[in-house]
Each structure stands twice: as C-alpha cells, then as structure tokens.
Amino acid sequence: MTNIVIIGGGQAAGQAVASLRQEGFEGKIDLIGEEPSLPYQRPPLSKAYLSGALEASKLLVRPEKFYQDRDVATHLGSPVKHISPQERTVTVGETEFSYDKLLIATGGRPRKLTLPGSDLSGIHYLRTLQDVDNIRAHMATAKNLCIVGGGYIGLEVASVAVTLGVTVNVLEMESRILQRVTTPFMSDFYHQLHTERGVHIHTETTCQGFRGQSGKVSHVLCGNQEIEADLVIVGIGIIPNIELAETAGLACDNGILVDDHCKTSDDNIFAAGDCTNHPNALLNRRLRLESVPNAMDQARTAATNMLGGDKTYATVPWFWSDQYDLKLQMLGFSQDADAAVLRGDPGTRQFAQFYLSEGKIIAVDAVNSPKEFMVAKQLHGVAVSPEDLANLDVDLKSLVPST
Amino acid sequence: MPSVKFIEHNGTEHVVDGTNGDSLMMIATSNLVPGIDADCGGECSCATCHVLVDASWVDKLAPATETEESMLDLNPDRESNSRLSCQIPMSDELDGIVINLPEFQY
Ligand SMILES: Cc1cc2nc3c(=O)[nH]c(=O)nc-3n(C[C@H](O)[C@H](O)[C@H](O)COP(=O)(O)OP(=O)(O)OC[C@H]3O[C@@H](n4cnc5c(N)ncnc54)[C@H](O)[C@@H]3O)c2cc1C
Ligand code: FES
C-alpha cells in the first residue's frame with residue numbers, strides 16, 4: 001500500500017496523520033481540508049481563545065514543521081467534491097487524488113436557523129477559528145449578546161461574555177438548559193450558577209426570528225417578547241458532514257456507518273470523528289458523538305486498521321466543559337442509570353454526581369473534582385458501595401484496586 | 001533550542017528540540033514520541049499525558065496545581081515524580097531534561 005488520503009483537516013484528521021506515521025507508514029499521505037488552517041484544537045474556541053487568554057498559535061495540534069518533516073502533503077482551503085470508490089479517487093476542483101485507503105473525517109457543521117431576519121449581520125455560528133475571530137471582533141464592542149441554544153458551547157460563551165461585562169441572554173426551547181446532554185440535577189446547577197453571575201436564561205423560549213436596522217441585527221424575536229441584541233450566537237447543534245459519503249454510496253444513518261474498526265461499508269474507506277455513527281460494545285449501542293477524545297480514539301483505531309492492523313474501538317465516552325472557574329468533567333451515559341449518588345456539596349461548587357446501574361458506576365458529572373472523574377474513568381462498570389462514594393471521609397483511592 | 005530526552009517504557013530514547021513556552025506534551029506529540037495520548041489537548045482535563053520526571057530535574061519544575069495533583073493521585077502508575085506533561089512549559093532552565101514515559105496512559 002502506498003497512498004493514503006485523508007479528507008478533513010480537523011481533530012480526527014490531525015491525529016490520523018500522526019498515528020499513521022507513528023505506526024511506521026512510509027507511503028504518501030494527502031491531508032485535504034476545507035479550512036485554511038492546519039488541524040487545530042476546537043475546545044478553546046469557546047473557552048480560553050474566546051476570552052483572549054490563549055493565542056492563535058497555541059491552537060494548532062502540531063506545528064507546521066511537523067507536516068513538512070514527516071512528508072505529509074497538506075492541501076488546505078480545498079473542499080473535496082467527490083469520492084469515487086470504484087476508481088479509488090477523490091476530486092478537489094480539477095485535481096484528482098488516488099488512494100489505496102481513504103479516511104473520511106469531515107466532522108459536522110452548525111445547524112442553521114432559517115427564520116425571518118436570520119441573514120442579518122451580527123448573527124454568528126461557532127464552529128471554526130474563522131467563526132470565533134469574527135465573533136471576537138464583534139464582542140469587543142457588543143453590549144447585548146443573545147445566545148440561541150442552551151448547550152455547552154452556548155453556556156461557555158455566556159460565561160466568557162458576561163465576565164467581560166456584556167449583557168447576556170440565553171434562549172432555550174426546552175424546559176431546561178443542557179436537556180439533551182445531562183440530567184435535571186446538573187441542568188439546575190448550571191442554571192443557578194449562570195443566573196447568579198448575571199446571565200438571563202429563558203427556558204421554553206423559542207427564537208422565532210430577528211429584527212434589525214440597516215442590515216444589522218438589533219432584536220431577537222420570541223413569542224410576544226423582543227430581546228435587544230447587537231450580537232447573536234446560535235448554538236443549536238451540528239449536522240454531520242456525510243453528503244460526500246452518501247453520494248459515494250456508503251451506508252449512512254445519522255452519520256457515516258462504521259464498524260468497531262472504523263471501517264465503512266467500503267473495505268478501502270474508513271471514517272472517524274463527529275461524522276461517524278459507530279458501535280460501542282461497552283455501552284451496547286450505536287452512537288454518534290461530538291467530542292475530541294472520541295475523534296482522537298477513532299482516528300487511532302482507523303489508522304491502525306488502514307495499515308492492516310486489528311484494533312477495536314471501545315472506550316467510554318467523556319467530555320469536559322469550562323465555565324467561569326468551574327471545570328466540569330463528564331464520563332459515560334447518565335441516562336442509563338437507576339441510581340445517583342452525590343459526593344460533596346454543590347453549594348461549595350465542588351462535587352460529583354455519580355450514576356449507577358445495578359450497583360455499578362456507569363457515569364459521573366464531576367465539578368471541580370478531577371479525582372472523582374478519574375475514579376469513574378477507572379471504575380466504569382465496577383460495583384462500588386454507594387455509601388463509600390458519598391462519604392467524603394472515604395479516600396476514593398481506596399476504592400481503586402492497585403495494580 | 002533547548003532539548004528534551006524522552007525515554008519510552010521499553011528503553012528507547014528520543015532526544016528532541018523544543019520551543020520555549022511549548023509544553024512537554026506538545027513537544028512529545030509534535031515529534032511522534034509514543035506513549036502520550038493527550039486526549040484533551042493540554043487542558044489538564046484527561047490525565048493521558050502522564051510522565052515520570054527524572055529525579056534530578058524534579059526540583060527545577062514549578063509545583064503541580066491542585067487540579068493536576070488530583071488528576072495524578074488516582075493513576076495506578078503514580079510515583080513521587082509523576083507529572084502531567086501538558087502542565088510543564090519548556091524553558092532554557094529545562095534544557096536537557098530527562099522524561100520517562102509510563103507503559104500505559106489511563
Ligand atoms: C466551540 C466548540 C467547543 C468544543 N468544546 C469541546 C470540549 O470542551 N471537549 C470536547 O471533547 N469536544 C469539544 N468540542 C467538539 C470537538 O471539537 C469535536 O468533537 C471535534 O473537533 C471533532 O473532530 P472531527 O475531526 O471529527 O471534526 P472537525 O474537527 O470538525 O474537523 C472536520 C474538518 O473537516 C473539514 N471538511 C468538511 N467537509 C470537507 C470536505 N468536503 N473536504 C475537505 N474538508 C472538509 C471541515 O472543514 C473541518 O475542518 C467543541 C466544539 C466546538 C465547535
Ligand atoms: S493533555 Fe490532557 S491532561 Fe495533559
């Protein structure tokens with residue numbers, strides 16, 4: 001095998017390049033990405049990079065020199081238009097790239113609003129470095145920010161903006177923020193936290209459109225309310241970029257369908273990251289995840305298997321979110337729990353909510369409690385005494401069998 | 001440029017150049033030194049960039065923050081010289097530092 005082509009220049013693509021070279025692949029690697037940048041970290045976009053604490057040069061996953069030294073051909077600002085699995089080629093503009101193995105790591109794009117006024121200037125989405133640079137330019141002068149969608153990204157932006165002195169309103173269609181991703185307990189905790197810091201959260205409030213002056217947004221319309229806003233950030237989820245795969249005839253269903261080796265329905269094509277719908281044996285289901293650890297793990301798995309190895313993907317999903325001075329680390333799927341155990345006092349802003357199923361730890365939400373997070377990571381699927389978990393006098397270390 | 005010597009669990013040595021200000025994690029991953037996963041990209045959220053700092057260098061490092069300390073505490077391979085490599089920025093004072101890599105990241 002001599003040619004590997006990677007479509008997408010994001011987190012999964014970046015890791016795949018590194019893993020391929022690390023595993024000794026000496027053939028040609030073409031990395032083809034639509035964005036103008038080499039692979040970079042997205043999480044800081046709504047955290048330290050938005051606030052200005054982190055500079056752009058620190059976002060790159062690896063420096064430019066890495067790709068030169070390792071002989072990786074990078075084609076940036078190059079959207080792939082077509083994959084031909086029969087010919088084993090990928091087309092960008094007029095150029096064709098042939099592959100022996102192909103990795104699709106196209107991620108997702110923000111779901112857009114198509115409401116009256118949604119093309120006014122001042123309305124932003126947040127997925128790319130370019131997006132945040134535009135937002136930052138506006139944020140410097142903005143007085144009223146309205147965030148449509150109370151998910152993690154929206155709430156991270158809210159925490160940065162309100163800290164900078166901007167008035168922040170958050171509109172959430174559902175009855176609680178973070179409804180899709182966490183338990184009512186955690187939603188309540190974050191609702192209260194943001195309210196205390198001065199963020200105005202409006203639940204059961206649907207954005208119905210925008211009003212503006214001279215092409216610029218001035219108000220967000222919801223029911224019989226109008227909320228003043230000179231800056232709007234919409235964070236209502238992503239749509240996986242699967243059109244290329246679909247047109248090429250690959251099986252897709254809410255993501256590109258892959259097996260536990262990250263292989264698609266075509267033997268020569270693999271996929272990794274936010275664009276995949278993959279099985280997870282540990283959780284006994286298929287899922288599509290939007291997280292960096294998943295993108296990296298799948299990229300490593302795909303790289304090994306593209307080179308003829310036999311690596312199975314099975315890790316417990318986890319995620320983190322930074323809001324104000326609170327670090328939240330989450331692991332597992334709390335929806336599957338039949339019991340919850342609280343360790344610590346939410347009032348102190350340092351606590352962990354463990355979730356159990358049939359006595360075994362299956363998930364945790366840990367706020368400023370990295371130790372609790374690490375316990376859950378190591379004891380996932382292991383039975384523990386709920387009394388010990390809840391008891392702050394019990395050192396969690398004693399629950400982890402030493403190796 | 002200051003250099004770092006990473007020693008894999010199997011004894012393989014990698015001597016690589018680093019840029020001041022870059023973390024040891026960044027320097028390792030940019031040079032394809034195996035044994036560091038760095039799943040969170042350096043946000044002190046994952047603990048998959050665990051390293052063992054050679055004893056003679058430990059005192060030259062700024063102490064671990066509380067978060068780093070708690071993340072390390074439950075690592076089964078924890079030693080007194082354990083650190084998270086994303087939390088150690090490179091500097092001239094660390095030129096020649098020797099870093100041992102654990103067999104596994106958790
Ligand atoms: C603001 C923000 C904050 C986040 N915070 C966290 C966090 O705290 N923790 C966490 O775990 N995750 C977080 N995430 C999610 C995380 O960034 C994603 O899960 C991760 O980036 C997925 O990696 P990926 O490679 O699958 O996709 P991406 O990183 O999105 O990369 C896909 C790339 O493919 C390119 N592409 C698409 N179509 C084509 C084409 N036809 N041709 C060429 N290139 C194409 C895209 O332009 C893009 O650059 C955050 C995301 C955002 C936007
Ligand atoms: S890279 Fe995640 S903690 Fe260091």
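Below, chains carry the letters A, B, ... as their sequence lines are ordered, and counting in each starts from 1.
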Subject >> Residues A:Phe66, B:Leu32; criterion side-chain contact (heavy atoms from CB on, under 4.5 Å); working and verdict >> reply: CA-CA 9 Å; A:Phe66 169 86; B:Leu32 291 185; 3.6 Å; yes

Subject >> Nearest-0.5 Å distance that lies between atom SG in B:Cys40 and atom CH2 in A:Trp318 >> reply: 5.5 Å

Original post:
Highest number of heavy-atom pairs under 4.5 Å with chain B: which of A:Gln41, A:Lys65, A:Glu372?
Top reply: A:Gln41

Original post:
Relative to chain A, which of B:Cys46, B:Gly41, B:Gly42, B:Cys44 shows the most heavy atom pairs under 4.5 Å?
Top reply: B:Cys46

**OP:** Sort out for me which of B:Thr67, B:Asn75, B:Thr29 touches chain A most, counting heavy-atom pairs under 4.5 Å.
**Re:** B:Thr29

Subject >> Steps toward side chain to side chain donor-acceptor pair (under 3.5 Å) verdict (B:Ser45, A:Lys327) >> reply: CA-CA 8 Å; B:Ser45 294; A:Lys327 181 192 271 303; 2.9 Å; yes

Subject >> Greater than 12 external heavy atoms within 6.0 Å of B:Lys60's NZ >> reply: yes

**OP:** Could you tell me which non-hydrogen atom of A:Pro44 sits nearest to which non-hydrogen atom of B:Glu43, and how far apart they are?
**Re:** CG-OE2, 3.4 Å

Original post:
At what distance, to the nearest 0.5 angstrom, does CZ of A:Phe373 lie from CG of B:Leu74?
Top reply: 11.5 Å

Subject >> Choice from B:Met71, B:Glu66, B:Met26, B:Glu69 maximising heavy atom contacts with chain A below 4.5 Å >> reply: B:Met71

Original post:
Can you say whether B:Ser23 sits under 4.5 Å from chain A via the side chain, the backbone, both, or neither, judging by heavy atoms?
Top reply: neither

Original post:
For A:Asp322, is it the side chain, the backbone, both or neither that has a heavy atom under 4.5 Å from a heavy atom of chain B?
Top reply: side chain

Original post:
Picking from A:Pro63, A:Ser19, A:Pro43, which has the most non-hydrogen pairs under 4.5 angstrom with chain B?
Top reply: A:Pro63

Subject >> A:Gln22 versus chain B, the contacting section by heavy-atom distance below 4.5 Å >> reply: both

**OP:** Check step by step if side-chain contact (heavy atoms from CB on, under 4.5 Å) holds for B:Tyr106 and A:Lys377.
**Re:** CA-CA 8 Å; B:Tyr106 296 89; A:Lys377 207 172 176 191; over 6 Å; no

**OP:** Would you mind reporting whether A:Met374 and B:Asp73 have side-chain heavy atoms less than 4.5 Å apart?
**Re:** no

Subject >> A:Arg300 and B:Asp37: CA distance, side-chain angles, deciding distance, side-chain contact (heavy atoms from CB on, under 4.5 Å) verdict >> reply: CA-CA 10 Å; A:Arg300 290 185 195 112; B:Asp37 289 346; 3.7 Å; yes

Original post:
Looking at A:Arg21, A:Met296, A:Gln15, A:Lys397, which makes the most heavy-atom pairs under 4.5 Å with chain B?
Top reply: A:Lys397

